[in-house]
Amino acid sequence: MTDTSFEVVSSETTHRSRFTTIRVDRVRMPDGTVAEREIAEHLSAVGAVVLDEENRVVLLRQYRHALRDSFLELPAGKLDQEDEDRAAAMARELAEEVQLRADHMDELVTYTNSAGWTTETTTVFLATGLHPAPMPDGFVLQHEEADMEVLRIPFDEAVEMVHRGSIVDSKTVIGLLAVADRRRRGPVLPDAPTG
């Protein structure tokens, strides 16, 4: 859906890289004034709350250079193409990042990462029924991903870490709280761990 009361007068691409295109739109507001808006066109992403049979969530501790710190995060990754099947993309990321396969991949939520300046959205899944999976042929973790630490934290403890401010990554906060909310309302999945 597009709100046609805001008219794009002109649009100029100012930067293009492997993952992001920056454009500057001049937009006529409903009152007739024109303002510039910088927009980051970015491929969307997927993430998953990965729960094992002991009701632990699989998290990664990963360095993020924008904030020059490491964060606890869900396994996640970018879509290879905007129209890529999101569940298939998440299955790929699970194999690459944590060498797991999930029998059940239940979509929890799709949200806009920051509607004020980027086109990126993220879809978060609940992944259960876990099995070991080999690293995909030819795939090698590089750069920050090569130093990721894989952790398994009791689910309730991870939710408490959100409330204490120890977990602040948006997809991780949203995913953990979405699963916690579903549990309050009833079973997450018929064969999912509870607790």
Side-chain angles (χ1 to χ4, degrees), residues 1-4 6 8 10-27 36-50 57-102 104-127 133-150 167-179:
M1 182 169 71
T2 301
D3 186 338
T4 57
F6 294 85
V8 177
S10 65
S11 187
E12 177 188 3
T13 297
T14 60
H15 173 79
R16 190 180 308 272
S17 69
R18 180 175 167 208
F19 294 114
T20 308
T21 296
I22 305 294
R23 72 173 200 267
V24 178
D25 288 353
R26 294 185 72 241
V27 182
E36 287 190 348
R37 296 291 178 259
E38 290 184 4
I39 307 297
E41 297 175 2
H42 201 278
L43 285 176
S44 289
V46 291
V49 177
V50 181
V57 62
V58 178
L59 296 174
L60 302 169
R61 186 180 310 280
Q62 184 171 358
Y63 175 75
R64 296 299 189 180
H65 189 69
L67 295 174
R68 301 193 64 140
D69 202 355
S70 294
F71 296 88
L72 285 174
E73 302 182 21
L74 301 177
K78 300 282 177 235
L79 302 179
D80 285 345
Q81 302 172 38
E82 197 58 48
D83 61 352
E84 182 179 13
D85 179 83
R86 290 174 184 236
M90 191 63 242
R92 179 187 69 239
E93 293 296 333
L94 285 178
E96 291 174 354
E97 292 189 344
V98 293
Q99 291 77 60
L100 290 171
R101 175 178 59 80
H104 305 284
M105 192 84 72
D106 183 31
E107 186 173 326
L108 292 168
V109 65
T110 297
Y111 66 92
T112 58
N113 290 44
S114 184
W117 70 276
T118 181
T119 60
E120 184 179 9
T121 65
T122 298
T123 300
V124 181
F125 294 88
L126 172 63
M135 183 83 74
D137 287 343
F139 181 80
V140 177
L141 292 170
Q142 297 180 5
H143 311 295
E144 294 91 344
E145 289 185 340
D147 290 318
M148 289 186 305
E149 178 185 6
V150 180
I167 292 178
V168 297
D169 171 69
S170 61
K171 67 185 168 296
T172 308
V173 169
I174 290 167
L176 290 172
L177 295 183
V179 172

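Computed from a predicted model, the values in this text were never measured in an experiment.
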- Heavy-atom donor-acceptor pair, D25 side chain to V27 backbone, under 3.5 Å: no

dist M135:CE -> Q99:CD (nearest 0.5 Å) comes out at 4.0 Å

To the nearest 0.5 Å, atom CD1 of I39 lies from atom CD1 of I22 at 9.0 Å

Across all chains, not counting sequence neighbours, the side-chain hydrogen bond (donor to acceptor under 3.5 Å, both in side chains) partners of T13 are none

Which is it for Y111 and V124 under the side chain to side chain contact (heavy atoms under 4.5 Å, CB included) test, yes or no, and what are the steps along the way?
-> CA-CA 9 Å; Y111 66 92; V124 181; 3.9 Å; yes

Check: Can you find a pair of side-chain heavy atoms, one from V57 and one from V50, that are under 4.5 Å apart?
Finding: no

The side-chain contact (heavy atoms from CB on, under 4.5 Å) partners of R68 (sequence neighbours excluded) come to Y63, H65

Taking every heavy atom of L74 against every heavy atom of G175, the minimum-distance pair comes out as CD1-CA, 4.5 Å

Output for pair (D147 CG, Q62 CD), nearest 0.5 Å, gives 9.5 Å

Practice problem: Show your reasoning for whether side chain to side chain contact (heavy atoms under 4.5 Å, CB included) applies to R86 and L79. | Solution: CA-CA 7 Å; R86 290 174 184 236; L79 302 179; 4.0 Å; yes

The reported gap from OG1 in T21 to CZ in R16 (rounded to nearest 0.5 angstrom) is 4.5 Å

Between the side chains of T112 and T121, is a donor N or O closer than 3.5 angstrom to an acceptor N or O? no

side-chain contact (heavy atoms from CB on, under 4.5 Å) filter on V173, not counting sequence neighbours, yields V162, I167, L177

Hits for side-chain contact (heavy atoms from CB on, under 4.5 Å) against R101, two or more places apart or cross-chain, chain-then-number order -> D103, H131, A133

Contacts satisfying salt bridge (Lys or Arg N to Asp or Glu O under 4.0 Å) that involve residues 111-124 (not counting sequence neighbours) are K78-E120

Sequence neighbours excluded, the answer for side-chain hydrogen bond (donor to acceptor under 3.5 Å, both in side chains) partners of E12 is none

CE of M105 to CG of L108, rounded to nearest 0.5 Å, is 11.0 Å

Those residues at least two apart in sequence (or on a different chain) that pass side-chain hydrogen bond (donor to acceptor under 3.5 Å, both in side chains) with T119 are none

Discussion item. Could you tell me if the side chain of V46 sits less than 4.5 Å from the side chain of F125, heavy atoms only?
Written reply: yes

Residues passing the side-chain hydrogen bond (donor to acceptor under 3.5 Å, both in side chains) test with E93, sequence neighbours excluded, are none

Applying salt bridge (Lys or Arg N to Asp or Glu O under 4.0 Å) to E84 and not counting sequence neighbours gives R92

Heavy-atom closest pair (P136 atom, E96 atom, distance to 0.1 Å) is CG-CG, 3.8 Å

With sequence neighbours left out, the residues meeting salt bridge (Lys or Arg N to Asp or Glu O under 4.0 Å) with R26 are none

Across all chains, not counting sequence neighbours, the side-chain contact (heavy atoms from CB on, under 4.5 Å) partners of S114 are W117, T118

| Does the side chain of L60 come within less than 4.5 Å of L72's, by heavy atoms? | no

Here the salt bridge (Lys or Arg N to Asp or Glu O under 4.0 Å) pairs for residues 37-47, sequence neighbours left out, are R23-E41

Are S70 and E149 side-chain neighbours, meaning at least one heavy-atom pair lies under 4.5 Å?
no

Correct closest heavy-atom pair for A76 and G47 would be CB-CA, 3.8 Å

Closest non-hydrogen contact found for V179 with L126 is CG2-CD1, 4.0 Å

Indicate whether the side chain of E82 and that of S44 have a donor and an acceptor atom separated by less than 3.5 Å. yes

Is the shortest side-chain heavy-atom distance between F71 and R61 below 4.5 Å? no

